[in-house]
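All heavy atoms count here, side chains included; hydrogens, waters and symmetry mates do not.
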Amino acid sequence: FEHEWQIRVMVLNDMEKLDRTLFRLEQGFELQFRLGPTLQGKHVHVHTNYPAEGERFERHKFRVLDWINPTGREDDSDKFCTLDLKISGSYQYYFGHGDKGKSGGGYIVVDPVLRVGEDNHVLPLDCISIQTYLSKCLGPLDEWLDRLRVAKEAGYNMIHFTPLQTLGESRSCYSLADQLELNPDFSPPGQTYTWTDVGNLVEKMKNEWNMLCITDVVYNHTAANSKWIKKHPECGYSLVNSLHLKPAWVLDRALWHVTCAIADGKYKDRGLPALIQNHEHLHAIRGVLWQDVFPKIKLWEFFQVKLEPMVEQFRTLLQSGAKSDRSKTEGKQQLKIIQDPQFRRFGNTVDMNSALETFVPHGPGAIEDCCNWLRRRLEELNGEQYHEIKHHQEQATNCIADTVSYERLADHGPKLGPVTRKHPLLTRYFTFPFEEATLEQDLELMNQPEKSCHFLAHNGWVMGDDPLRNFAEPGSNVYIRRELICWGDSIKLRYGNGPEDCPYLWAHMQKYTEITAKHCVGVRLDNCHSTPLHVAEAMLAAARSVRPNLYVIAELFTGSELIDNVFVNRLGITSLIRGMCSLAFHHLLTSCCAKPI
């Protein structure tokens, strides 16, 4: 790419961390790092993962840049190190001095260069105008050009296709049953089109129509009826690999049985018919939750200790003359509940070393007094856990009432009509691929790993949540508080920290990414704000290894320009999509104009 040669200067200042500041540069630019006043006179070393000439990009491989002294002598006010920017993508730099490994740093984003036409001329990024097409509505592949010609004649120069893969049962454009298979709906009877045919169509549009094509990559979830997720349930959040979700699953099953009871008319005599029509019915739902559901499932028991075994264990230690090890408690006498990693009812414990330090007998007859003091303290701790779960239940009740109000009462809602098993009171948060039974029978399955591995958490959207946090991981209470706006047709995918945590999922999604990058000049990152950053980083690196000048659009709703910049910097995003329609219908895209950041 021949570009007017320009120099951009980055002035480095000590302790200046610019991870949330955006620096966009173009291919052909020279980037110079120069020392600011706070670093002059120090032995500064600058590192970057921008690859050296002829080398392949590796995100975690950094190299030290050499200093250039134009005057031929050591002069901190004049020396610089440089990068000739020839490869698009996201790159990181950091610098340190003396013994400091890192005393500042940030990112640079190098724009891709897009070309169209038989003469391969450049399409400037600020001239892109995109028309979105719902791929599932385009019919057989051999009829697409006739339908796409409207966009060409209207002056668009880029087409965004919603996902081209096999769709799930819901037929949502973004719930994919098979990420590797072309949607069979594109093949008419007697004909089977392949990815090669898609590539030929895209190339024809590029050369003859001067139009480029992009499509979506959906990393955050897969369709609930995906065959591969049934064979590899470890790729989702289940009650085997995500035990912290057990209480939320118990609540979810209990709410399903409320649906069944309402549908069967069992609550009609309590003012809760199947057809919910007014706020009195909502009040009746609240009554069912607090009078029937919560007392029955006793969620607080997952977070409490069983008193007598703990007291007996403590008594045995005192009688044996055990003393506290202050090196373990660091002199802190705070006694607290330790959560059972298996999340069993009353499976929690306390640190006996802290108990020995807190309750010290001062005579032979004082052991029983210490045990009584411990019992009272454990009762207090259990009470605190009870009130915390009660607080979660209050929030869950409010979220349930709001959901039912929107879905069945609000004029702007879908007006779902009577509660039935097909149209339940609430969207289920977890898959349940077994026959209908009683709640008690359902709960028995929780401790059968060969079955509970298939209770997979659905994906969704959390209003006002931290986009840098994974709401399905430990530490989040989104599922138990019913704060998820749930997509019941999709399963949330669990990548872990790297490929070693879920090899099949990482390999599957990398292949999906490479197929996409091979046939389209760019991708739209669906649900980017909820996709783990390290996953999107790895997948886009795989895409750029196939197509170096990858154009990246992201659906990004963070509510903060600074957090937006975190995503843009780490992923090398070129343009952002801003939604103009209700989040409840965010899958129904129409058309948009992509604006470079």
Closer than 3.5 angstrom, by distance alone: can the side chain of H121 be matched with the main-chain N or O of V116 as a donor-acceptor pair?
yes

Considering non-hydrogen atoms only, spot the tightest contact between S452 and V240 and give its length.
OG-CG2, 3.6 Å

Does L239 reach the side chain of L456, with side-chain heavy atoms less than 4.5 Å apart?
no

Please check if the number of heavy atoms outside H43 that lie under 6.0 Å from its NE2 is greater than 12.
no

Quick one: does any side-chain atom of N220 pair with a main-chain N or O of S530 as donor and acceptor, under 3.5 Å?
yes

Checking the side chain of T48 only, and the main-chain atoms of V64 only, is there a donor and an acceptor separated by less than 3.5 Å?
no

Side chains of L212 and L123: does their closest heavy-atom pair fall under 4.5 Å?
yes

What do the steps show when you test L533 against V566 for side chain to side chain contact (heavy atoms under 4.5 Å, CB included), and what is the final call?
CA-CA 9 Å; L533 266 171; V566 172; 3.9 Å; yes

H529: partners by ring-ring contact (aromatic ring centres under 6.0 Å, His included), with sequence neighbours left out:
W461, F557

Sorted by chain and number, sequence neighbours left out, side-chain hydrogen bond (donor to acceptor under 3.5 Å, both in side chains) with R20 holds for none

Within the distance-only criterion (no hydrogens, no angle test), does the side chain of N49 pair as donor or acceptor with the backbone N or O of R59 below 3.5 angstrom?
yes

Can Q27 and N549 be counted as having a side-chain donor-acceptor contact under 3.5 angstrom?
yes

Is the backbone of S129 close enough, under 3.5 Å, to the side chain of N157 for a donor and an acceptor to pair up by distance?
yes

Between R482 and D252 (salt bridge meaning N to carboxylate O under 4.0 Å), is one present in this structure?
yes

Going through the checks in order, is the salt bridge (Lys or Arg N to Asp or Glu O under 4.0 Å) test met by K86 and D84?
CA-CA 6 Å; K86 301 177 181 179; D84 290 325; 5.4 Å; no

Sub-6.0 Å ring centroid separation between Y50 and F57:
no

Grab the two heavy atoms, one from L65 and one from C81, that are nearest each other, plus how far apart they are.
CB-CB, 3.8 Å

Take the angle between the ring planes of H47 and H45 and call it parallel below 30°, perpendicular above 60°, tilted in between.
perpendicular

Any heavy-atom pair between the side chains of L125 and P112 that's under 4.5 Å?
yes

Nearest heavy-atom approach of H519 to V202 is O-CG1, 3.4 Å

Answer yes or no: are there more than 12 heavy-atom neighbours, outside K518 itself, under 6.0 Å from its atom NZ?
no

Does the side chain to side chain contact (heavy atoms under 4.5 Å, CB included) test come out yes or no for W506 and M539, once each step is laid out?
CA-CA 9 Å; W506 282 81; M539 296 304 161; 3.8 Å; yes

Is it the case that the side chains of E473 and Y237 hold a donor-acceptor pair, with the cut-off being a distance below 3.5 Å and no angle test?
yes

Would you indicate whether the side-chain heavy atoms of R481 and H391 approach each other to under 4.5 Å?
yes

Taking only residues two or more places apart in sequence or in another chain, which ones pass salt bridge (charged side-chain N to carboxylate O under 4.0 Å, His left out) with E561?
none

Side-chain H-bond candidate by donor/acceptor type, E30 with T82, under 3.5 Å
yes

Got more than 12 heavy atoms from elsewhere within 6.0 Å of NZ, K42?
yes

Stepwise side chain to side chain contact (heavy atoms under 4.5 Å, CB included) check, C528 with L576:
CA-CA 10 Å; C528 179; L576 296 178; over 6 Å; no

Please identify which of these residues, N569, T574, D111, meets the side chain to side chain donor-acceptor pair (under 3.5 Å) condition with R24.
D111

Which value, rounded to the nearest 0.5 Å, describes the distance between F80 atom CZ and L31 atom CG?
11.0 Å

Going by atom type alone, with no hydrogens or angles, which donor-acceptor pairs under 3.5 Å involve a side-chain atom of residues 493-505 and a protein atom two or more places apart or on another chain?
unit_1, atom_1, unit_2, atom_2, d
Y495, OH, Y219, O, 2.7
D501, OD2, N497, N, 2.7

Taking S242 for the side chain and H244 for the main chain, is one N or O donor matched with an acceptor at less than 3.5 Å?
no

Give me the ring orientation class for Y479 and F471: parallel if the planes are under 30° apart, tilted from 30 to 60°, perpendicular past 60°.
tilted

Where is the tightest heavy-atom contact between I491 and A224, given as atom of each residue plus distance?
CD1-CA, 3.8 Å

Rounding to 0.5 Å, atoms NZ (K79) and OG1 (T71) come to a distance of 10.5 Å

Locate the shortest heavy-atom distance separating L176 from P163; write the atom from each residue and the value.
CD2-CB, 3.6 Å

Would the distance check show the side chain of E555 and the main-chain N or O of N527 forming a donor-acceptor pair, the cut-off being under 3.5 Å?
yes

Polar contact flag, side-chain donor to acceptor under 3.5 angstrom, S575-Y551:
yes

Is it the case that the side chains of R34 and Q32 hold a donor-acceptor pair, with the cut-off being a distance below 3.5 Å and no angle test?
yes

Would you say the side chains of H97 and D14 form a donor-acceptor pair under 3.5 Å?
yes

Could you check if a side-chain atom of I214 sits within less than 4.5 angstrom of a side-chain atom of F161, using non-hydrogen atoms only?
no

By side-chain hydrogen bond (donor to acceptor under 3.5 Å, both in side chains) - contacts of R570 (at least two apart):
E537

Please determine, by modelled atom types, if W228 and Q179 share a side-chain donor-acceptor pair under 3.5 angstrom.
yes

Test side chain to side chain contact (heavy atoms under 4.5 Å, CB included) applied to L18 and E16, step by step:
CA-CA 6 Å; L18 302 176; E16 189 171 56; 3.6 Å; yes

Please test R377 against E380 for salt bridge (Lys or Arg N to Asp or Glu O under 4.0 Å), starting from the C-alpha separation and ending with a verdict.
CA-CA 5 Å; R377 179 57 185 144; E380 292 173 357; 2.9 Å; yes

Backbone N/O of D340 and side chain of N348: donor-acceptor pair under 3.5 Å:
yes

Check whether the side chains of D564 and T558 place a donor and an acceptor atom closer than 3.5 Å, and report yes or no.
yes

Is there a side-chain contact between I130 and I159 in this structure, where contact means two heavy atoms from C-beta onward sitting under 4.5 Å apart?
no

To check you understand the geometry: which heavy-atom pair defines the closest contact between Y429 and E483, and what is its length?
OH-N, 3.6 Å

CG/N382 to CD/Q304 distance, rounded to the nearest 0.5 angstrom?
4.0 Å

Got a donor-acceptor contact below 3.5 angstrom from the N241 side chain to the S238 backbone?
yes

With the side chain counted from C-beta on, respond yes when T431 and H458 share a heavy-atom pair under 4.5 Å apart, and no when they do not.
yes

For the ring pair (Phe, Tyr, Trp, His ring centres under 6.0 Å) test, which of F62, Y107, F33 pairs with Y94?
F62

Among all residues two or more places apart in sequence or in another chain, which pass the side-chain hydrogen bond (donor to acceptor under 3.5 Å, both in side chains) test with H387?
none

With a 4.5 Å limit on heavy-atom distance, are the side chains of L83 and F29 in contact?
no

Looking only at atom types and distance, does a side-chain atom of T513 sit under 3.5 Å from a main-chain N or O of M509, one as donor and one as acceptor?
yes

